[in-house]
K.L.:
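This is the structure, below, for whatever I ask next.
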Amino acid sequence: MASSLPESGQVLTNVVKPKRKSKTSTFFSNLSRSWSGMLGFLIITLLIVISLVGPWITPFDPLYAEFSKKLLPPMTEGHLLGTDQLGRDIFSRILIGARVSVIIGVATVLIAGLFGTIIGIISGFFRGWLDVVLMRIVDVQLSFPFILLVLVINAIIGAGLKNIIISLAIGGWVIFARVIRSEVLALREKEFITSCVATGVSRFEILIKHIVPNLFTPIIILASLQIGTYVIAEASVSFLGFGVQPPTPAWGNMLSEGKDYILSSWWLITFPGLAIVITALGVNLFGDWLRDTLDPELKGE
Amino acid sequence: EGTSSQDTESDGTTDGSEDTKDSIVIGFESDAVTLIANNDVNYTTDAQIRNIYDPLIERDGNTGEFVPALAEKWENIDELTWRLKLKEGITFHNGAEFNAESAKFSIDYILDEANQSYYRSRWANVEQVEVLSPYEVEITTSEPFPSLIQRIADDLLIMEPGYVNEVGTEQAAKEPVGTGAYKFVEWSRDNYLKLEAFEDYYKETPEIKNLEFRYIPEFSSRMSAFLSGEIDLFKNIPVDSVEEIKNAENSKVEEVSSSRINYLALNTFHDGPMQDEKVREAINYAVNVDELLESILNGFGTKMTGPLSKINSGYTETEDYGHDSEKAVELLKEAGYDPESLELTLDTPNGRYPMDSHIAQGIASQLQKIGVTVNVQVNEWGNHLEKIQNREMQDMYILGWGPAFDAQSTIENLFTEVAPYSSFYNEEIEEKIYKTNALFNQEERLAGYAEIQRDLVDKAAWVPLWQQADLYAVRENLEFNPRVDEKMQGYYMSWE
Amino acid sequence: MSDAILEIKDLQIQFKSGKETVQPIRGVDFTLKKGETLGVVGESGSGKSVTSLAIMGLLPDKTSEIISGEILFNGKDLSKLKENQYRKIRGNEISMIFQEPMTSLNPVFTIGEQLSEPLRQHKKMPKKEINAAIIAVLKQVGIARAEQIINEYPHQLSGGMRQRVMISLALLCQPDLMIADEPTTALDVTIQAQILKLMKDIKKKNDMSLLLITHDLGVVAEMCDRVVVMYAGEIVEVAEINELFNNPLHPYTKGLINSLPSKNTRKNRLYSISGQVPKPNEITKGCVFANRCPVAFSKCFEETPPVFGTGSHISKCWLQDPNEGEVS
Amino acid sequence: MEDNVLLEVRNLKKHYEISQGIFKKSLIVRAVDDISFNVLKGETFALVGESGCGKSTTGKTILRLTDPTDGQVVFDGDDIANLPYNEMRSLRKRMQMIFQDPYASLNPKKTVQQILMEPLRVHKQFDAKDRHQKILNILDIVGLSEEHLERYPHEFSGGQRQRIGIAKAVILQPDFIVADEPVSALDVSVQSQVINLMLDLQKEFGLTYLFISHDLSVIEHMTDRVAVMYLGEIVEVAETEELFANPKHPYTQALISAVPISHPAEERERIILEGDVPSPVNPPPGCSFHTRCPFAMEVCRESAPQPTTFADGHTANCHLYTKKEEETKHVIINS
Amino acid sequence: MLDFVIKRFLQVILVVFLALTVVFFMIRLSGDPTTLFLPPDAPREQIEEYRELLGFNRPLYVQYGDFMINAVQGDFGESLRSHEDALQIVLDRFPATFQLAISALIISLSIAIPLGVLSAYKRNTVFDKIGVGLTVVGQAVPSFWLGLILIYFFAAQFKMLPYGGGGSLVHMILPTITLAAYSVARFTRFTRSAMLDVMRKDYIRTAKSSGVPTRRLIMRYALRNSLIPIITLVALDLGVLLGGAVITEVVFSWPGIGRLLMQSLMNRDFPIVLAGVFIIALTYAVINFIADVLYAYVNPQIRVK
Ligand SMILES: Nc1ncnc2c1ncn2[C@@H]1O[C@H](COP(=O)(O)OP(=O)(O)OP(=O)(O)O)[C@@H](O)[C@H]1O
Ligand SMILES: Nc1ncnc2c1ncn2[C@@H]1O[C@H](COP(=O)(O)OP(=O)(O)OP(=O)(O)O)[C@@H](O)[C@H]1O
Ligand SMILES: [Mg+2]
Ligand SMILES: [Mg+2]
């Protein structure tokens, strides 16, 4: 059969033969080219490691109140970052607090991301009245300031780790729904989707096998950029007394508890504040880098 | 006639000259809700408007005893009837005269449902107010109401009926008129309240001519404002900042033992170990109040051993459980609990009382030492209160009570079945409480309350903690004596 | 050579992206004589646009670099000019028309505002005269409603109209040299015919030289006096237009011409060049076309051919080597 | 001739509605407005016209990639336009499409193997082992090989991608393929490779093509019959050689004359049309071409012309031919 | 244009309506505020009586219906604590919040746009890199923390500026800086990337090829194009600023809506919360509406259609 097509072998002479690198190695070689991406990645890795092994590496029990040692300044009696108003080691509490931030960031992004993505997909793929209704809801929610919304919800449903995650997720899903919907809309119009229809692939399979895999990139980018927002929002809400409640050491409530000491014992709010800044910075740097490498088009959202 | 006021009255007074300062700015954590009297049950509102309105009876700033204010004297005619004799020759800021009508009007204001006064809930037993003569009123209650005088002293402020009727309550709530030491000048919501001395004040023209309350919700901002000289006085310094203020130039700290008490409630409404007297005793032994007081409150507070504080009129000395970990463990074991596997919940508000959530964490650490695991749950105040009232609390919680000047209102509201605030209930004790409450003989009453106090300690009804210490940051040269009733009266202040 | 308006000598251009560098222009030489139309043909990626941007000095300044060569315009080496000297030439002595009329006009400025720019920059005319001049040029390119159009925005115009506006923009200062980078590729045939005719007329009237870049041999045949054939960043053949079509020397040129459908019998297989253009980073030693060349021999894979040929027809192919006896 | 017809398009219309918000009436784009033609078994039928005239829409509507507004598309006896969705899916085995943009028409997240496997899987062709063999086979035919199986589309050049697209279209051995500008995104040298491949495949499998293009020289080279579209309508249909030799409609004449010459020595009389194609949102009344037509008459402004048939199925919609006397005059001018 | 306005107006109404509905139900389901207002020793029957008086014992849908009917007439009820008109209380605070948000916006724009343009112009220079670095950090700093730090230094340590509070312009300095910090970072970044985006566009190349000098290219051409997306962002961020004002207002004792809302949430003073939500949603929707109109105005592609 092939014999009737004499050229077929020849065409190959120029085929590009790139060394096929594994995905991880391309990831790292890309990363190593951007110092800011690298920094972000290192911060995130550090954060995750800390949140995993935190309980085993804290020099002191983060919950144990040693009253006689309260408000020690940094670098005294083995307390690297000093102690708080109950004599608890701030360094240990920051280490443990990392876990809360990671849990909140990740859990919120998972819930908000999953829910928002599903809504976005439904809206974008099936269109129709459902789309109109859902997008109106999104519009409505977007017409209310995020932090205020989170605050109101949290005040209403009550404080605590679980509730702050819920309220952040309720506040956050719309962004995902918006972005994913527009991605789906764009994908729907792509020729390769038309090509699938032409092949006879069923709608369900098109959705699952062709649209969803192409959404991973925007989801990951968006998620990485949102985490920073959530971490800061959690801290803000905790600061106002609604979020994660003591004694759970979360950075936001460390700040909230320490804010009365700002004039006398600066270290109480300085270090948890720095922890938040560094985390948000790391996540943002990494997210920016991801966006720039994976999808130069998504800028500005 | 005024002695010193006339000569200072000029245009310059409002600003206050450099040398003879005659104005004062008080930092406050939040605004008054309304400026009308007898409506909002709230310390911040009351503390401020008490400079504008006067009560019939007030408390002595040092002892908390009742002293005459607008009323000259009061007597108990029978169990249901009270008669008050009012002072004469007192005028309101608008020139109107104070008399029995104003007193009746003010009480009726509370009682009139249309006004939606939240005080009415405590005045429900008052049946009617009668003007006997221009300076005499009689109050009739529907059932014996021994704490009426306390209500009159703590709740009731006198308004000018003519003014309120003329401008309406809404306007009166914005521009109040009273007989108080200060006249209203300007109110900017959430910003400041400005008052000026009332020249014709019935006692004496106040020395401080201009009184301003400024609202600063964050402590650190309040502190900055104080350190930078923008405010001269504020209440509730966190104990850890006391030293700093003491050391700051031109500043001092004033302290007073308040009538407000803090305690650790052991919830017998909840199906759990706290229903067992032995466990409650064990907790009493395990909690080291002295340590908490010393290390968390830096000693600011007065330790209590029973249900009432020393300042309470019905106080009797009770035995102190003291701190004894071994005994605590023993008692727990007797009660059938292995301390190591006992897990308790401790609820606390955050920022309502001095170091409250920290105290809770401190108690948790102390119980940890005998092996008991305590999960501290910090609640937003509204939720905390709701949980108590809905009886949804679990094992233990922290709460404060005040003003706790007299035995009846404290004990009745804390240790009966209908009152959830200690969440301790014992049928026999309750019976005693009701019996004692109904007594009119002062001595019998005191004896009754003394017995109840001992019973409550016996049954380990709660873990008494302390009387709160009220701490004030004060300008060095400001004459200011903190009051046991937490009020801040410009009238009693002066610059040295 | 005094009649040359533009002379490019051994131009080599390099791009940096990240740590990698590519060199898409690896030796471009050609001359454009006064008044002539020189065509540059080549497939996508052969470096046509980069060359034209280099002439205009519009290469991205951070990532690109002219690593060698000269661009002589009226004897002056443009590649050494400073930005503000260059500015005086752009739109004035040399002007350029771009491929995409849709994106080459600023969507938030009116046509009039955009067209007044070269006159403002180079002619210091008063406002009124500017307007009159613009309208005159717009009429010249066949826009009847010129007075209205200057107050309209680009999106209100069709593709053909926009390309006319682009042409008038290039004409405003009556440049000596006009560079047109695929001016009709984005247009339909009927519109393409309009625009090509317009350009021919205008060139004649304004006595300009024209550098016409295209990948369409038909357009070249129609418009040009001489042709430069580019392949993978190099010039492989330069010839008079008739000479090129009648007697192409380089196998690539031959291949291009022969693969035109009109050169083949209907319904039969077309002549085709196998393989595809190498990417800049795949080019190694030897002739760039060797791996697709049907007549390549060993030397082609070893050594890069120099320019062969006499006079006006030159090509870069070992087959043209007079010392090489064998011609297949 | 009738039994030879594979596809019959009758009065096909496709109107797009562009919503202008709640308060404005939405715009109707008459992308395809009442067209009819037949495609015979084994032939290559071309659609030619300027950008936006509705060529792609026609192709997509025929394959039911969008639902027609009105009209019928009869494929081998079945009216596709009204077929239930699932039956249409199984019919797709017999009708396939090749797309213009080789970059956009392949899912960037799938390997060549997955891309080619999909049609077989969807239509349950062969068992697992044979499928693999079939894929290798088809790759070989389009000039790729086994080593490419695990690669992603971005690792290929434009020409190679177009080959993959073609492989995907022919792997089910369909009867009919709509090729929407399959070569216009490709370079000249690669374009001829792809055209050759298409010609070879047609011979090999006896394919019928609906070939959409705006490149007249490609159309002249490889198609059997041509329909010329203008503004959503077909203005002329003829056999390819006849059309290029003897165009009837003034638009066709202008179109053909506008093609650049292929040799500098060639001289050609040009008909340069004035202005641009009007918007399909509100096409001009009467003959839609009259706004640009050099021969426009009064009647052209008022009524749409009906098709006039010349010899061998050559038809043109033009008022020039509805009046006999004028016909002769103008044909002479333009031939 | 008119139908655009009408459509947006309907949308505004819908937004506000839904926001109120959602908050209404959430807030009611969160609990009953009666006990908070009463003295702790209030007898039980009394609590019940007040509950009835305040209407909290009625079925939820009746309460909702009542609320909506009144709200439509601009009556959000009386504050549960002060018995004043809730809407009026909120409106009284509005100017303070708006003043803060607007001055923060003006400050951030007047810093961010020049900075972003300069950064884009000097791309990849040290200046640009420092600028980009600072903006990333700026976005990572929680505003309340920044506020506390500012108070620590400027009010407490150096005693240069007041701790906050309403009043003169001096009082606004710290809160404005705090509030503006985040938007400065965001706007700068956005302006920079919008500028870079535009600078890559074909039409900029066209302008360059007509001999337009770089300076003019940036100031006149690229900036105008970049402003279009910036306008949308500014509208969105004014909302963020209004929202962010809550925290800033608390930290700096600023007498605005945010602080009022916070207090009312804590106090469970529902009518004020709802009136506050109403005003914020309305403001936000109106701002977005203005932004849309403005967007349409500067973007000729929309204007003409
Ligand atoms: N800014 C750039 N950075 C890096 N490489 C570039 C840049 N611009 C062009 N190139 C590379 O230079 C080579 C030549 O590009 P050029 O645009 O000149 O081709 P062309 O002949 O104009 O092609 P086309 O017909 O597609 O316009 C291409 O390989 C391209 O990838
Ligand atoms: N999904 C759609 N919605 C609205 N209008 C559309 C849609 N698809 C196409 N159109 C319009 O229908 C008309 C015909 O489009 P079509 O893509 O069929 O043209 P074409 O002849 O294929 O053009 P080209 O040569 O540019 O591909 C155009 O005016 C186009 O704008
Ligand atoms: Mg190009
Ligand atoms: Mg098309």
Side-chain angles (χ1 to χ4, degrees), chain A residues 35-36 39-40 136-137 139-158 170 228-229 231-242 251-252 255-256 258-259 262-263 266 269-270 272-274 276-285 288 292 296 299-300, chain E residues 11-12 14-19 22-23 26-31 132-133 136-137 139-146 148-149 151-152 156-157 182 189-190 193-194 196-197 229 233 236 239-247 250-251 258 261-262 265-266 268 273 276-277 280-281 284-285 287-288:
Chain A
W35 66 267
S36 57
L39 183 62
R136 272 302 85 85
I137 293 174
D139 280 348
V140 167
Q141 190 174 327
L142 281 175
S143 5
F144 206 76
F146 170 72
I147 186 74
L148 207 57
L149 183 70
V150 174
L151 203 65
V152 171
I153 299 173
N154 210 249
I156 291 170
I157 63 178
I170 295 178
T229 315
V231 169
I232 292 182
E234 179 271 317
S236 308
V237 174
S238 294
F239 173 79
L240 292 175
F242 286 113
W251 298 337
L255 279 169
S256 179
K259 72 188 173 195
I262 173 173
L263 302 180
W266 54 271
I269 64 151
T270 306
L274 279 178
I276 294 170
V277 172
I278 291 172
T279 303
L281 187 69
V283 173
N284 287 351
L285 285 175
D288 281 349
D292 292 346
K299 274 193 188 119
Chain E
Q11 196 164 337
V12 167
L14 184 77
V15 163
V16 171
F17 170 76
L18 284 182
V22 171
V23 174
M26 287 205 313
I27 220 169
R28 287 302 144 110
L29 294 174
S30 76
V132 170
V136 184
V137 176
Q139 285 187 296
V141 178
S143 64
F144 61 90
W145 191 61
L146 181 65
L148 290 177
I149 304 263
I151 288 181
Y152 176 70
Q157 292 291 336
Y182 177 79
R189 264 164 78 89
F190 193 82
S193 78
L196 287 179
D197 243 29
L233 186 78
L236 277 175
V240 175
L241 286 175
L242 284 172
V246 178
I247 294 161
V250 172
V251 173
L261 210 58
M262 274 291 300
L265 276 171
M266 297 252 197
R268 308 273 200 279
V273 173
V277 165
I280 288 175
Y284 201 61
I287 289 167
N288 274 312

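Quick note on labels: first sequence line is chain A, next is B, and so on, each numbered from 1.
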K.L.:
Could you have a look at A/G273, A/G282, A/A280 and say which one has the most heavy-atom pairs with chain E under 4.5 angstrom?
P.N.:
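That would be A/G273.
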K.L.:
Would you indicate whether the side-chain heavy atoms of E/Q139 and A/I232 approach each other to under 4.5 Å?
P.N.:
no
K.L.:
Minimum heavy-atom separation for A/L240 and E/I247, please, with both atom names.
P.N.:
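Distance-wise, the nearest heavy atoms are CD1-CG1, 3.7 Å.
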K.L.:
Is there a side-chain contact between E/W145 and A/L255 in this structure, where contact means two heavy atoms from C-beta onward sitting under 4.5 Å apart?
P.N.:
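Contact flag for E/W145/A/L255 side chains = yes.
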K.L.:
Look at A/L151, A/D288, A/L285 and state which one has the largest set of heavy-atom pairs under 4.5 Å with chain E.
P.N.:
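Winner by heavy-atom pair count: A/D288.
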K.L.:
Rounded to the nearest 0.5 Å, how far apart are CD1 of A/I153 and CG of E/L265?
P.N.:
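Reported value, rounded in 0.5 Å steps: 11.5 Å.
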K.L.:
Please classify the contact between E/I27 and chain A as side chain, backbone, both or neither, with a heavy-atom cut-off of under 4.5 Å.
P.N.:
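Both parts, backbone and side chain.
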K.L.:
Measure E/V250 against the heavy atoms of chain A and call it side chain, backbone, both or neither at under 4.5 Å.
P.N.:
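When you check distances to chain A, only side chain atoms of E/V250 fall under 4.5 Å.
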K.L.:
Rounded to the nearest 0.5 Å, how far apart are OG1 of A/T270 and CD1 of E/I149?
P.N.:
5.0 Å
K.L.:
Using non-hydrogen atoms only, which part of E/V277 is less than 4.5 Å away from chain A: side chain, backbone, both, or neither?
P.N.:
both
K.L.:
Please state whether the side chain, the backbone, both or neither of A/L149 comes within less than 4.5 Å of a heavy atom of chain E.
P.N.:
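A/L149 has no heavy atom closer than 4.5 Å to chain E.
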K.L.:
What part of A/L274 gets within 4.5 angstrom of chain E, counting heavy atoms only: side chain, backbone, both, or neither?
P.N.:
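Contact with chain E involves both backbone and side-chain atoms of A/L274.
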K.L.:
Which value, rounded to the nearest 0.5 Å, describes the distance between A/S256 atom OG and E/F144 atom CZ?
P.N.:
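One gets 8.5 Å once the value is rounded to the nearest 0.5 Å.
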K.L.:
Quick check on E/L261 against chain A: is it the side chain, the backbone, both or neither that has a heavy atom closer than 4.5 Å?
P.N.:
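The answer is the side chain of E/L261.
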K.L.:
For the candidates E/P229, E/A194, E/P142, which exhibits the highest count of non-hydrogen atom pairs separated by less than 4.5 Å from chain A?
P.N.:
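If we count pairs closer than 4.5 Å to chain A, E/P142 comes out on top.
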K.L.:
Tell me, for A/F239 versus chain E, whether the close heavy atoms (under 4.5 Å) come from the side chain, the backbone, both or neither.
P.N.:
side chain
K.L.:
Give, as side chain, backbone, both or neither, the part of A/I147 having an atom under 4.5 angstrom from any heavy atom of chain E.
P.N.:
side chain
K.L.:
Any side-chain heavy-atom pair from A/I170 and E/M26 closer than 4.5 angstrom?
P.N.:
no
